[in-house]
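Residue numbers start from 1 in every chain, and the chains themselves are labelled A, B, ... in the order their sequence lines are given, proteins ahead of strands.
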Amino acid sequence: MGSGSCLWKRSSAGESPGWTRDRPESSLPMSDDVRTLRLEKLARLRELGFDPYAVERWERTDSAAGLLDRFEELGGDADEGTERPTVSFAGRIVSMRLMGKAAFAHLSDGDEKVQGYFKKDDLGEEAWEAFGLLDIGDHLGVTGGLFRTKTGEKSIHVRTLAPLSKSLQVLPLGKEKDGHQWYGLTDVEERYRHRHLDLVCNPEARHALLARSRIVSAVRRYFESKGFFEVETPMLQLEAGGAAARTFGTHFNAYDLDVKLRISLELYLKRVICGDVPKVFELGRVFRNEGVSNRHNPEFTLLEWYEAYANLEDVMATVEELFAFVARETGLTPPPSDTTVADAGEERVAPDFSKPWHRVQLLEEIERRSGITAADLASLDSAKRALGEREIVNPATGKRIQVGEEAHLGGLIEKLLEVFVEPHLQEPTFVVGYPLETSPLAKKDPSRPGFTRRFEGYVLGREVCNAFSEINDPTDQRERFEAQVRERARGDDEAHPMDEEFLYALEGGMPPTGGCGIGIDRMVMLLTGMEHIREVLLFPLMRPR
RNA sequence: UGCCGCAUAGCUCAGUCGGUAGAGCAGCUGACUCUUAAUCAGCGGGUCGUAGGUUCGAGUCCUACUGCGGCAGCCA
């Protein structure tokens, strides 16, 4: 949008009738007529001395919920005819019922709404005319006494009013009765593109989006209470590492340097550990240049923490405590989900974070669910032989599994995990012991060649965290990077790049360290029961239309 | 990226066999001094996503494009 009034002008007599469009094409929904009418109402309000945009401040006695809670204390139930204390409130007009010389309107502060009762005799001539110029969508400040209507609704008997904003557009507010919503804004594209309307009009959407804020706050409080330092590491990097993903590129003009947006927090956080800061965490945005789906967004918020002198079991305990703390602090509990395949006789239940998580071995679970044994998975060849002899059908989706494209045994094992095991992991479960090839930053398991000291946590069939005992042997780490570089040379553009700076830090000495990463967006989805990542992102990236 | 579906008033949706655009809410005018999906009477509102094509005639049929959604792929 450009600047104000010159964008719209009335054509003079003799020209084409009505209004002339004099602005660039825009996708914004706008009705010429409504906008014009409301600007005229605004002008009249100003003539009456009720300029909405001139008011800077409106002190409220309490929130809407607070007024309703403290109704009796604030004199709402005083005897008929007695002088009641004056309360003050402000909110957006979300409904109006006009009856000649009296009216009711609900004012919402976003969370809750309070009804105002407006009567000409009580307001006076000018304020009553001003009230008549208000629309659904305007913000309004009121003062008056609390009382109960004949139907018992706690309301404000308005004595003075002050328009605080004028809505120049029609808000797609639905009507509601008995908690059931009529109409309203339901088109998902409109909701994502014009999120402010979604926040105003859809309580469930508002709840999930604001729950995110409470969850992030609880996560911070948890780690701060445990003595972790929150740090911030670079988003612009020469080589983005710490995960397997394609990158976004950009350019830094001052150094004439191509840089990449980070795909993880891992390597820099471990360099902080190398600096003898034994407990660190970061909550930050990472960027992965990959497809969009109901669980993937190109930018998302990652939590990672690292704790020196802690092993896998310590990290598991932290994950358990963290989820229990966040669930308790926010009051959010994940609803039962149909994303999992319930075992025979097993009911779909809401996960309970107050109990310890199940702990299972990756290979044992694969054997239990698919019959493919650890012996079968001794080598890529034997694994393919074992798979080749049977019909490989995903029990959850009924789809056949493609086998043979995996370049190494680790990739195949993770595929089997994904297909046969994950859908069954309804209750919070740690799956322990991931293949070496797909875990280039995790310590080798000395008792099990080819596997690492790594686990992932699952809830409702979905991965919620990824953790391992961090490699602190620089020689081992270099060999792992070199293996990744060979993968990359073979065409895997997501294989991990060499990072000499990181190796230099490891060579300086890193204590044994446990680390873990959690996708905050998916944690919010889990706790709010949302099935789409866009429902927990305020402004998901949309193609221009 | 592939396949499928959707796109009509500010919002939510109808639109028959291809015959020239409908409803509710919102908006405007009027009535109504305790309503709450307020009620009653009346009124205005549309480049039917975009561009082509077929046809005497296209919201409707065909093609392409754009956006959104679903599935697949991708995503440890």
Side-chain angles (χ1 to χ4, degrees), chain A residues 27-38 40-41 94-106 113 115-123 128 135-137 147-153 155 157 167-178 180-194 197 201 243-246 263-264 288-298 300 397 399 402 405-406 410-411 413-415 417-418 422 431 434-435 437-442 452 454 456 463 466 468 492-496 517 519 531-532 534 540 542-545:
Chain A
S27 69
L28 296 176
M30 217 170 280
S31 157
D32 296 13
D33 291 338
V34 170
R35 187 192 181 90
T36 305
L37 270 161
R38 294 197 174 182
E40 284 168 357
K41 289 178 177 178
V94 293
S95 68
M96 294 177 96
R97 291 165 296 283
L98 309 168
M99 292 156 298
K101 299 184 181 62
F104 288 93
H106 274 111
K113 55 194 179 189
Q115 181 173 254
Y117 176 51
F118 303 80
K119 201 159 73 159
K120 184 179 183 182
D121 294 346
D122 299 324
L123 288 171
W128 179 251
D135 290 292
I136 290 174
F147 78 112
R148 264 182 218 274
T149 63
K150 279 179 181 168
T151 56
E153 177 165 349
S155 307
H157 192 139
S167 178
L168 301 182
Q169 299 169 4
V170 178
L171 261 55
L173 273 163
K175 298 197 165 192
E176 64 165 271
K177 184 185 188 180
D178 306 329
H180 190 284
Q181 189 88 14
W182 267 258
Y183 319 110
L185 186 73
T186 58
D187 185 292
V188 291
E189 184 173 354
E190 294 302 316
R191 291 181 46 232
Y192 297 158
R193 287 188 192 274
H194 306 297
L197 297 177
C201 301
R246 279 181 284 168
I263 57 173
S264 119
R288 298 187 182 178
N289 205 339
E290 280 152 4
V292 172
S293 79
N294 64 343
R295 286 189 291 287
H296 297 83
N297 197 63
F300 63 98
T397 62
K399 293 194 178 68
Q402 301 287 338
E405 291 164 20
E406 285 73 18
I413 290 174
E414 290 210 3
K415 183 126 194 170
L417 170 76
E418 183 187 321
E422 284 183 17
V431 176
Y434 278 68
E437 298 96 319
T438 57
S439 313
L441 299 160
T452 59
R454 171 180 165 197
E456 290 191 349
E463 178 196 333
N466 179 20
F468 32 90
D492 180 358
D493 57 358
E494 295 189 351
H496 206 290
E531 290 292 321
H532 293 77
R534 285 178 160 188
M542 304 288 278
R543 280 195 169 98
R545 60 177 174 186

Student: Can you confirm whether L197(A) sits close enough to P172(A) that some side-chain heavy atom of one is under 4.5 Å from a side-chain heavy atom of the other?
Tutor: yes
Student: Measure CD/Q115(A) against P/U35(B) and give the value in whole Å, please.
Tutor: 10 Å
Student: How far does the P atom of A37(B) sit from the matching atom of G5(B), given to the nearest Å?
Tutor: 41 Å
Student: For E190(A) and C6(B), give me the distance from atom CD to atom C1', rounded to whole Å.
Tutor: 14 Å
Student: Starting from P on A37(B), measure out to CD1 on I136(A) and report it in whole angstrom.
Tutor: 13 Å
Student: Should the side chain of T149(A) and the base of U35(B) be counted as holding a donor-acceptor pair, with the cut-off at 3.5 Å?
Tutor: yes
Student: Check whether E422(A) reaches the backbone of E463(A) with its side chain - one donor and one acceptor, N or O, closer than 3.5 Å.
Tutor: no
Student: Please identify each residue that fulfils side-chain hydrogen bond (donor to acceptor under 3.5 Å, both in side chains) with R288(A), with sequence neighbours left out.
Tutor: none
Student: Can you check the distance between A21(B) and C34(B), where both ends of the measurement are the P atom (answer in whole Å)?
Tutor: 44 Å
Student: Please list each protein N or O that sits under 3.5 Å from an N or O in nucleotides 41-47 of chain B, with the distance.
Tutor:
none

Student: Report yes or no: does R191(A) contribute a side-chain atom to a donor-acceptor pair with the main-chain N or O of L185(A) at less than 3.5 Å?
Tutor: no
Student: Quick one: Q169(A) CD to A9(B) P, roughly how many Å, whole number?
Tutor: 17 Å
Student: Represent RNA chain B in dot-bracket notation, 5' to 3'. Only Watson-Crick or G-U wobble pairs with both distances under 3.5 Å count; pseudoknot-style crossings use [ ] and interstrand partners use |.
Tutor: (((((((..((((.....[..)))).(((((.......))))).....(((((..]....))))))))))))....
Student: Would you kindly compare T186(A) and R534(A) by the position of their nearest RNA chain B nucleotide and give the one closer to the 5′ end?
Tutor: T186(A)
Student: Please state how far atom NZ in K119(A) lies from atom P in U35(B), giving the value in whole angstrom units.
Tutor: 13 Å
Student: Starting at atom CD of E414(A), determine the distance to atom C1' of C74(B), rounded to an integer number of angstrom.
Tutor: 15 Å
Student: Answer with base, sugar-phosphate or nothing: what part of the nucleic acid does D187(A) contact at a heavy-atom distance below 4.0 Å?
Tutor: sugar-phosphate
Student: If you measure from the C1' atom in G27(B) to the same atom in G69(B), how many Å do you get, rounded?
Tutor: 31 Å
Student: How long is the line joining CZ of R191(A) and C1' of U12(B), in whole Å?
Tutor: 14 Å
Student: Look at all strands and tell whether G184(A) reaches a base, only sugar-phosphate, or nothing, counting heavy atoms closer than 4.0 Å.
Tutor: sugar-phosphate
Student: Please list, chain by chain and in numerical order, all residues satisfying salt bridge (Lys or Arg N to Asp or Glu O under 4.0 Å) with R193(A), sequence neighbours excluded.
Tutor: E189(A)
Student: Taking only nitrogen or oxygen atoms into account, show me every contact under 3.5 Å that the protein makes with nucleotides 64-67 of chain B, one pair per line with its distance.
Tutor:
unit_1, atom_1, unit_2, atom_2, d
G67(B), OP1, R543(A), NE, 3.3
G67(B), O3', R193(A), NH2, 3.0
G67(B), O2', E189(A), OE1, 3.4
G67(B), O2', E189(A), OE2, 2.3
G67(B), O2', R193(A), NH2, 3.2

Student: For Y192(A) and A7(B), what is the distance between atoms OH and C1' respectively, to the nearest whole Å?
Tutor: 17 Å
Student: Toward the 5' end of RNA chain B, which comes first, P172(A) or S439(A), by nearest nucleotide?
Tutor: P172(A)
Student: I'd like to know if the side chain of T438(A) and the backbone of G411(A) have a donor-acceptor N/O pair within less than 3.5 Å.
Tutor: no
Student: Would a distance-only check, ignoring hydrogens and angles, find a side-chain to backbone donor-acceptor pair under 3.5 Å from R454(A) to N466(A)?
Tutor: no
Student: Going by the rule salt bridge (Lys or Arg N to Asp or Glu O under 4.0 Å), which residues pair with R295(A) if we only count those two or more places apart in sequence or in a different chain?
Tutor: none
